[in-house]
2 protein chains.
Amino acid sequence: MKNPESSPAASIPDVFDPTCSSRHALELIAGKWPMLIISALENGPMRNAALMRRLGDISQKMLTQTLKELERNGLVIREDMRTVPPHVEYSLSPVGRSLSETLLVLDRWAETHFGALDAARERYDTERRK
Amino acid sequence: MKNPESSPAASIPDVFDPTCSSRHALELIAGKWPMLIISALENGPMRNAALMRRLGDISQKMLTQTLKELERNGLVIREDMRTVPPHVEYSLSPVGRSLSETLLVLDRWAETHFGALDAARERYDTERRK
DNA sequence: ACAATTACGCACCTTTTGGTAACTATGAAA
DNA sequence: TTTCATAGTTACCAAAAGGTGCGTAATTGT
């Protein structure tokens with residue numbers, strides 16, 4: 001029998017292993033927009049224009065691009081109604097929904113603690129006169 | 001009395017508001033390394049070299065830089081023992097610890113679902129012959 | 001004939017992020 | 001006197017992220 005130390009980490013996923021796919025999963029949502037888009041889709045399908053309005057300051061390019069990445073990874077489902085003018089709806093897949101639930105926790109964390117962060121930053125900056 | 005619509009969102013934080021600090025809080029951890037560093041510090045203080053080993057493929061520059069940002073925002077505490085050779089310990093502040101707990105949920109999500117993501121990606125790519 | 005609609009592709013550019021390699025400080029030990 | 005150890009810093013460069021503006025498709029209403 002081999003000890004766990006010698007096993008080249010095939011079974012137990014580890015976010016700290018650079019070659020592990022779980023790292024990839026984290027990097028997928030590490031950008032500026034993915035988390036917000038997933039959160040925005042929480043309450044049901046949305047169209048391109050509605051998402052742009054909701055996200056406030058995203059560019060058309062980044063929205064399309066990010067949605068495509070999320071679709072590619074199976075988090076978002078793109079439904080093209082094939083009408084003219086175009087009507088496309090984006091929604092969360094089951095996996096996407098499971099992610100949105102943990103992101104909700106993160107959103108709440110941000111809304112709870114941003115004040116503390118702001119204060120700390122100001123303290124830090126004034127202390128070192130930057 | 002004014003209706004809620006006209007109030008310029010001073011009290012209720014909203015991650016979707018680009019001018020809201022809670023967005024800033026999210027962007028702070030949206031990079032490649034912040035989440036991993038916070039997670040790495042979960043089990044107590046660590047020194048520079050230990051963090052480098054734990055994170056595997058981070059550069060010295062990014063480690064220092066990211067730690068400094070996290071310290072600036074009050075998530076990480078930097079303790080310099082003022083010895084020679086240098087001995088500096090990084091640890092989580094209370095706010096940092098509260099974040100690390102929600103990130104743990106995210107790590108677990110990644111470790112649970114990365115297989116589904118990999119599969120979806122492969123399907124997507126082969127379907128469109130990219 | 002043509003204007004409007006909606007999602008999006010593409011070309012071009014700027015900004016941000018990240019990596020490499022070389023250099024620094026300082027006291028203890030060799 | 002030289003070496004070692006540790007946690008940096010800096011200058012320089014490459015790559016990725018992101019923004020702007022313009023073009024396109026195809027049907028409906030004017």
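Below, chain A is the first sequence line, B the second, and so on; all start at residue 1.
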Q.
Between the side chains of B/R108 and B/E111, is the shortest nitrogen-to-carboxylate-oxygen separation below 4.0 Å, so that they form an ion pair?
A. no
Q: State whether B/E127 and B/R123 are salt-bridged, where the test is any N-O pair (Lys NZ or Arg NE/NH1/NH2 against Asp/Glu carboxylate O) under 4.0 Å.
A: no
Q: Check whether the side chains of A/T126 and A/E122 place a donor and an acceptor atom closer than 3.5 Å, and report yes or no.
A: no
Nearest-Å distance for atom pair [atom1]/[atom2], residues [X] and [N]:
| X | N | atom1 | atom2 | result |
| --- | --- | --- | --- | --- |
| A/M81 | C/dC8 | CE | P | 12 Å |
| B/E27 | C/dT17 | CD | C1' | 14 Å |
| B/L63 | C/dG18 | CG | P | 13 Å |
| B/I58 | C/dT20 | CD1 | P | 12 Å |
| A/R82 | C/dA7 | CZ | C1' | 13 Å |
| B/L55 | C/dG19 | CG | P | 11 Å |
| A/M46 | C/dT6 | CE | P | 15 Å |
| A/N48 | C/dT6 | CG | C1' | 8 Å |

Q. Toward the 5' end of DNA chain C, which comes first, A/V88 or B/K61, by nearest nucleotide?
A. A/V88
(Q) Between B/L99 and A/W109, is the side chain to side chain contact (heavy atoms under 4.5 Å, CB included) condition met? List the steps. (A) CA-CA 7 Å; B/L99 174 57; A/W109 179 88; 3.5 Å; yes
[X] to [Y] - nearest heavy-atom pair and separation:
| X | Y | value |
| --- | --- | --- |
| B/E89 | B/P45 | OE1-CB, 3.7 Å |
| B/L117 | A/N73 | CD2-O, 3.2 Å |
| B/N48 | B/Q60 | ND2-OE1, 3.1 Å |

Q: Could you check which of C/dG9, C/dG19, C/dA7 has an atom nearest any side-chain atom of A/K68?
A: C/dG9
Q.
Can you give me the first and the last nucleotide of DNA chain D (5' to 3') that has an atom within less than 4.0 angstrom of a non-hydrogen atom in chain B?
A. D/dA5 to D/dT9
Q | B/E79 CD to B/E71 CD distance, which is reported to the nearest 0.5 Å | A | 11.5 Å
**Q.** Nearest-0.5 Å distance, CD1 of residue A/I29 to CG of residue B/L106
**A.** 4.5 Å
Q.
On DNA chain D, does the nearest nucleotide to A/G31 precede the nearest nucleotide to A/P86 from the 5' side, or the other way round? Give the residue.
A. A/G31
(Q) Closest-nucleotide mapping onto DNA chain D: is A/S59 or A/V84 further toward the 5' terminus? I mean the 5' end. (A) A/S59
**Q.** Axis deviation across the helix from C/dA1-D/dT30 to C/dA30-D/dT1, five-pair ends, to the nearest 10°
**A.** 20°
Q: Remember a base hit wins even if backbone is also touched, and classify B/R78 as base, sugar-phosphate or nothing at under 4.0 Å, heavy atoms.
A: sugar-phosphate
Q) Looking across every strand, which nucleic acid part, if any, lies under 4.0 Å from B/Q65 by heavy atom: base, sugar-phosphate, or nothing? A) nothing
